[in-house]
Amino acid sequence: ILVGSPIFAGTNQQQLLCNNQDINLVLDDILDDELPNGTWSVAAGSATGGFDAATNSFNPNNQAVDTYTYNYIVDAANGCPTDTAQVIIQITQPIGATVAANTTICNSTDAGNNPILNFNTLITAGSVNGTWNDVDNSGSTGIFANRDFTGVAPGSYTFTYTLDQIPCEPLVYSLEIVVQDCACPNVSTIGLPVALCNASNSFNLNNLLTTGIEPGTWSISSTPAGST
């Protein structure tokens with residue numbers, strides 16, 4: 001009497017993958033304790049796509065959200081029946097967001113400007129559960145999503161918004177924040193003469209300007225009676 005060892009195709013396994021992962025998952029590496037030399041096939045009723053029969057591997061990249069089931073079959077031998085194990089792969093996808101490409105912000109409160117930016121207002125659709133990062137170390141202060149750009153040097157600064165959703169690869173959105181110099185012009189240091197003689201020639205008002213005065217234009221605000 002010939003007594004054969006039981007045929008064992010391995011222990012069924014399940015995997016959760018994301019369709020933005022570009023990986024080759026070798027199905028043989030997933031099963032536990034299976035006998036060698038079996039064959040892989042797509043199970044009846046399973047979603048298709050992503051399976052490479054030559055390498056017995058599955059790549060979830062760009063696959064539809066669905067369930068993918070693969071059979072591992074070890075043929076009957078020594079009087080023992082065929083055995084089948086399954087690898088079930090569930091494909092999910094990340095929840096993305098629509099993020100503004102860029103925006104502008106003032107660096108002072110002069111003239112009633114607001115130097116505080118709520119970064120979440122830049123997310124026009126999708127998930128607001130991500131994290132913001134000041135890539136260029138702009139000098140803005142505060143805790144995201146609200147950042148204060150008071151005193152930040154004018155210029156363009158890169159910020160990123162990242163969505164981490166296991167098992168998916170992170171989604172990273174980049175945008176530019178353009179900081180504008182909104183400080184009011186300096187016109188407070190004009191030195192006025194004690195008096196001018198009405199018999200004198202014309203006087204150049206620009207001679208009254210001191211260092212640091214912003215460029216501007218002169219206008220007559222009032223004149224004494226009888227002047228021309």
Side-chain angles (χ1 to χ4, degrees), residues 18-22 61-62 65 92-196 200 202-225 227-228:
C18 186
N19 62 8
N20 76 341
Q21 293 176 287
D22 189 6
N61 193 38
N62 294 323
V65 174
T92 187
Q93 67 182 6
I95 299 174
T98 302
V99 181
N102 55 67
T103 192
T104 59
I105 189 71
C106 280
N107 65 357
S108 78
T109 58
D110 288 4
N113 292 305
N114 182 13
I116 298 176
L117 177 62
N118 181 348
F119 276 76
N120 281 347
T121 63
L122 303 178
I123 304 171
T124 58
S127 176
V128 295
N129 297 320
T131 55
W132 289 96
N133 182 42
D134 184 352
V135 176
D136 290 335
N137 295 317
S138 66
S140 61
T141 59
I143 300 173
F144 285 111
N146 293 314
R147 298 283 282 191
D148 188 345
F149 285 82
T150 299
V152 173
S156 182
Y157 299 91
T158 300
F159 288 77
T160 57
Y161 179 67
T162 302
L163 290 169
D164 288 308
Q165 301 165 77
I166 297 174
C168 300
E169 295 295 324
L171 297 178
V172 181
Y173 304 87
S174 180
L175 69 156
E176 297 296 312
I177 303 298
V178 179
V179 178
Q180 296 179 330
D181 185 2
C182 297
C184 291
N186 178 13
V187 293
S188 61
T189 58
I190 299 175
L192 296 176
V194 175
L196 293 175
S200 301
S202 61
F203 182 79
N204 186 349
L205 295 177
N206 286 334
N207 293 335
L208 301 176
L209 301 183
T210 58
T211 302
I213 296 295
E214 299 287 341
T217 57
W218 290 97
S219 63
I220 298 175
S221 62
S222 65
T223 60
S227 62
T228 58

Mind jotting down which residue pairs meet the side-chain hydrogen bond (donor to acceptor under 3.5 Å, both in side chains) criterion with at least one end in residues 162-177? Sequence neighbours excluded, please. S156-E176, T158-E176

Go through it in stages, so that I can follow the logic: the residues are I177 and T103, the test is side chain to side chain contact (heavy atoms under 4.5 Å, CB included), and I'd like the CA-CA distance, side-chain angles, deciding distance and then a yes or no. CA-CA 5 Å; I177 303 298; T103 192; 3.3 Å; yes

Check: Y157 side chain, V179 main-chain N or O, donor-acceptor pair, under 3.5 Å: no

If you look at every heavy atom in L175 and A100, which pair is closest and at what distance? CB-O, 3.3 Å

Listed once per pair and sorted, the disulfide (SG to SG under 2.5 Å) pairs that draw on residues 114-181, sequence neighbours left out: C18-C168

Atom pairs and distances, donor-acceptor, side-chain atoms in residues 120-127, under 3.5 Å, two or more places apart:
unit_1: N120; atom_1: OD1; unit_2: W132; atom_2: NE1; d: 3.3
unit_1: T121; atom_1: OG1; unit_2: N118; atom_2: O; d: 2.6
unit_1: T124; atom_1: OG1; unit_2: T98; atom_2: O; d: 3.3
unit_1: S127; atom_1: OG; unit_2: N129; atom_2: N; d: 3.1

Minimum heavy-atom distance between N107 and P115, given as atom pair plus value: C-CB, 4.3 Å

Check each of N133, T160, L163 against V172 using the side chain to side chain contact (heavy atoms under 4.5 Å, CB included) test, and report the only one that passes. T160

Which distance, rounded to the nearest 0.5 Å, do you find between the CG of N114 and the CD1 of I105? 5.5 Å

Of all heavy-atom pairs between N113 and S108, which one has the smallest distance, and what is that distance? CB-O, 3.4 Å

Pairs satisfying ring-ring contact (aromatic ring centres under 6.0 Å, His included), at least one member in residues 92-115, at least two apart: none

CD1/I166 to OG1/T92 distance, rounded to the nearest 0.5 angstrom? 12.5 Å

Looking at F144, I'd like to know if the NZ or CZ of R147 sits under 6.0 Å from its six-membered ring centre while staying within 45 degrees of the ring's axis. yes

In terms of heavy-atom contacts, D148 and T150 come closest through OD1-OG1, 2.7 Å

What are the two closest heavy atoms between V152 and S138, and how far apart are they? CG1-O, 3.4 Å

Taking all heavy atoms of G130 and all of Y161, pick out the closest pair and write down the distance. N-OH, 2.9 Å

Pairs involving residues 126-160, ordered by first then second residue, that meet disulfide (SG to SG under 2.5 Å) (sequence neighbours left out): none

Scan residues 101-160 for pairs that pass disulfide (SG to SG under 2.5 Å), counting only residues two or more places apart or in two chains. C106-C182

